[in-house]
Amino acid sequence: TDQEEIQFYSTDPFSSDTDKDGISDYVEIRFYKTTPTDKDTDKDGIPDGEEIRNYRTDPDNRDSDGDGLSDGEEIE
C-alpha cells in the first residue's frame, strides 16, 4: 500500500521503480530482497537491474562467485 511504501520502505508511492534500476519496488522487496531506494544494493558498481537481467549475478552480494573480486571488477 502507499502507507507501507512511505512508512516502511521509504519508496515513492507515485513510482513503481523508486531507484530507477529497472526492477519494480515490489519485485525488489518481495523476490530479490534488494533495496528499492538504492540502484546498486551491494555497491559493486553494477545496478541491480543489470545484475539480474544481463549478468545473472547476485545484486545483494558484491562478489557473487566468491573469488575475491567484486562483480563490477570482473565485468569491467
Side-chain angles (χ1 to χ4, degrees):
T1 65
D2 290 346
Q3 181 180 1
E4 289 174 318
E5 286 206 61
I6 294 166
Q7 189 172 6
F8 298 114
Y9 303 111
S10 300
T11 53
D12 180 356
F14 298 104
S15 174
S16 63
D17 183 10
T18 299
D19 60 10
K20 308 283 187 265
D21 64 357
I23 307 168
S24 75
D25 296 343
Y26 175 79
V27 170
E28 286 202 61
I29 292 166
R30 182 87 170 163
F31 299 103
Y32 292 108
K33 311 294 188 240
T34 53
T35 308
T37 57
D38 187 347
K39 187 177 279 198
D40 183 10
T41 299
D42 61 7
K43 306 288 187 249
D44 63 0
I46 307 167
D48 297 342
E50 286 185 34
E51 288 208 56
I52 292 165
R53 284 188 311 276
N54 301 343
Y55 303 112
R56 304 204 190 276
T57 53
D58 183 348
D60 203 28
N61 181 346
R62 303 180 44 82
D63 182 10
S64 295
D65 61 6
D67 67 356
L69 294 172
S70 75
D71 296 336
E73 291 173 307
E74 290 191 55
I75 291 169
E76 288 182 357

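In this structure, CD1 in Ile46 is found 8.0 Å from CD in Glu76, a value given to the nearest 0.5 Å. Taking CG of Asp17 as the reference point, atom CG of Asp12 lies at 10.5 Å (rounded to 0.5 Å). Here CD of Glu4 is found 10.5 Å from OH of Tyr26. Values are rounded to the nearest 0.5 Å. Distance check, rounded to the nearest 0.5 Å: CZ of Arg53 to CG of Asp48 gives 10.0 Å. Atom CG of Asp2 sits about 9.0 Å away from atom OG1 of Thr11, to the nearest 0.5 Å. Considering CD1 of Ile23 and OG1 of Thr34, their distance stands at 5.5 Å, rounded to 0.5 Å.
Taking 4.5 Å as the limit, some side-chain heavy atom of Asp44 sits within range of a side-chain heavy atom of Glu51. At a threshold of 4.5 Å between non-hydrogen side-chain atoms, the residues Val27 and Tyr32 count as touching. In this structure, the side chains of Ser64 and Asp71 come closer than 4.5 Å at one or more pairs of heavy atoms.
Taking every heavy atom of both residues into account, Asp67 and Asp65 meet most closely at OD1-OD1, 3.0 Å.
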May I have the step-by-step check of side-chain contact (heavy atoms from CB on, under 4.5 Å) for Glu74 and Thr57, ending in yes or no? CA-CA 11 Å; Glu74 290 191 55; Thr57 53; over 6 Å; no
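Other cluster members for Phe8: Tyr9, Ile29, joined by side-chain heavy-atom distances under 4.5 Å among Ile, Leu, Val, Met, Phe, Trp and Tyr.
Judged purely by atom type and a 3.5 angstrom limit, Thr41 uses its side chain to pair as donor or acceptor with the backbone of Thr35.
Applying the salt bridge (charged side-chain N to carboxylate O under 4.0 Å, His left out) rule to pairs touching residues 18-42 yields Asp38-Lys43, sequence neighbours excluded.
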